[in-house]
Amino acid sequence: MALRLKQTYPRLSQSFYSGDDILFQSRCLLGMHLCTFIAGRFTSGAIVEAEAYQAPDDKACHAYGNRLTKRTEVMFRAGGVAYIYLCYGVHHMFNVVTGPAGKAQAILIRAVQPEEGLNHMLQRRKMSKVNSRLTSGPGVLGQALGMHTQYSGAELTAPQTKIWIEDRGFPVEESKIQSGPRVGVASAGHCATWNWRFWISDNPWVSRWRA
DNA sequence: CGAATGATCGGCT
DNA sequence: GCCGATCATTCGA
């Protein structure tokens with residue numbers, strides 16, 4: 001059993017999360033390591049695909065028009081908390097809330113390249129061997145990492161947090177970042193054309209909707 | 001209180 | 001490539 005090297009790498013800071021440039025932050029997240037320590041199981045993966053959502057003008061955002069509900073409330077908090085919601089009754093979708101308090105915006109993590117805790121991910125996904133279906137897509141990624149709506153609002157920078165993001169010092173080159181329209185938001189009018197989806201070009205773990 | 005909706009996935013063809 | 005599951009959330013009556 002290998003030692004769990006928790007805290008070996010620096011976590012993204014509060015100042016990063018509270019920054020107010022969500023497209024820049026979305027690009028920055030590519031290559032960062034999303035980690036969870038849930039039910040005694042450590043799992044991690046490198047972020048390879050992300051999408052930005054920003055109220056009040058973004059029709060695809062749950063907080064469009066600054067709609068404040070019990071579910072969207074966490075998006076209005078200061079950056080650095082998790083926004084996790086249930087989609088189609090089964091998928092727990094993980095987002096990173098960014099920006100100052102009062103401004104609802106979040107980045108959906110759509111795919112990760114699995115790194116640590118592969119056995120736990122396989123078990124949670126009921127799979128026998130690793131392939132791109134393990135973590136390529138927001139729903140399956142959430143399942144593999146043990147995400148659950150009960151953790152919505154979790155503070156990513158808290159000392160004992162179950163969910164956090166590490167900078168392991170391998171930034172993705174600007175030239176390898178591609179962008180395009182977001183997935184599944186065709187009904188969002190002109191917002192559907194915004195290139196607010198970012199991914200690492202030629203990375204096999206990017207979700208199947210790759211452009 | 002009832003009904004529509006959805007930032008998706010896996011199985012089947 | 002297509003199709004249906006599945007349920008919390010939201011909104012309107």
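To find a chain, count down the sequence lines: A is the first, B the second, and so on, and within it residues start at 1.
Whole-Å rounding puts the A:Met93 CE to C:dA8 P distance at 16 Å. At whole-Å resolution of the value, NZ in A:Lys59 and P in B:dT5 are 13 Å apart. One can place CE of A:Met147 at 15 Å from C1' of B:dA7, the figure rounded to the nearest angstrom. A:Ile84 places its CD1 atom 14 Å from the C1' atom of B:dA7, with the value rounded to the nearest Å. Atom OH in A:Tyr64 sits about 14 Å away from atom P in B:dG6, given to the nearest Å. The separation between A:Asn131 atom CG and B:dC9 atom P is 14 Å, rounded to whole Å. The distance between atom CG of A:Leu86 and atom C1' of C:dA5, rounded to the nearest whole Å, is 13 Å. The interatomic distance linking A:His92 (NE2) with B:dC9 (P) rounds to 13 Å, in whole Å.
You'll find a donor-acceptor pair under 3.5 Å spanning the side chain of A:Tyr85 and the base of B:dA7, going by distance alone.
Residue contacts for A:Arg182: at a heavy-atom cut-off of 4.0 Å it reaches no nucleic acid atom on any strand shown. The residue A:Leu108 sits close to a base: some heavy atom pair falls under 4.0 Å.
Hydrophobic clustering of Ile, Leu, Val, Met, Phe, Trp and Tyr side chains at less than 4.5 Å, counting indirect connections, keeps A:Val48 apart from A:Leu108.
Distance from the side chain of A:Val140 is smallest for B:dC9 among the nucleotides B:dA7, B:dC9, C:dT6.
Geometrically, A:Arg71 does not engage A:Tyr83 in a cation-pi contact, judged by NZ or CZ lying under 6.0 Å from the ring centre and within 45° of the ring axis.
Residue A:Arg125 places at least one side-chain N or O under 4.0 Å from the OP1 or OP2 atom of B:dG10. Within the 4.0 Å cut-off from OP1 or OP2 of C:dT9, not a single side-chain nitrogen or oxygen of A:Arg67 is found. Side-chain nitrogen and oxygen atoms of A:His62 include at least one within less than 4.0 Å of the OP1 or OP2 phosphate oxygen of B:dA7. Applying the 4.0 Å criterion to OP1 and OP2 of B:dA7, one finds that A:Arg197 has every side-chain N and O outside that range. For the pair A:Arg133 and B:dC9, the criterion of a side-chain N or O lying under 4.0 Å from OP1 or OP2 is not met.
Salt bridge status for A:Glu166 with A:Arg11: absent, with no side-chain N to carboxylate O gap under 4.0 Å. Ion pair A:Arg182/A:Asp58 flagged as a salt bridge, since at least one NZ, NE, NH1 or NH2 atom sits closer than 4.0 Å to an Asp/Glu carboxylate oxygen.
A 6.0 Å sphere centred on CD of A:Glu173 holds no more than 12 heavy atoms belonging to other residues, nucleotides or ligands.
Nearest-nucleotide assignment on DNA chain C puts the 5′-proximal partner with A:His91, out of A:His91 and A:Lys70. Each of A:Gly89 and A:Thr69 lies near DNA chain C, and the nucleotide nearest A:Gly89 is the one positioned closer to the 5' end.
Using Watson-Crick or G-U wobble geometry with both donor-acceptor distances under 3.5 Å, C:dT6 finds no partner in any strand shown. The partner of B:dA7 cannot be assigned: no Watson-Crick or G-U wobble pair with both contacts below 3.5 Å exists in any strand.
Aromatic pair A:His33/A:Tyr9: ring centres not closer than 6.0 Å.
Both thresholds, 5.5 Å between centres and 30° between ring planes, are met by A:Tyr88 relative to the base of B:dG6, so the two rings are stacked.
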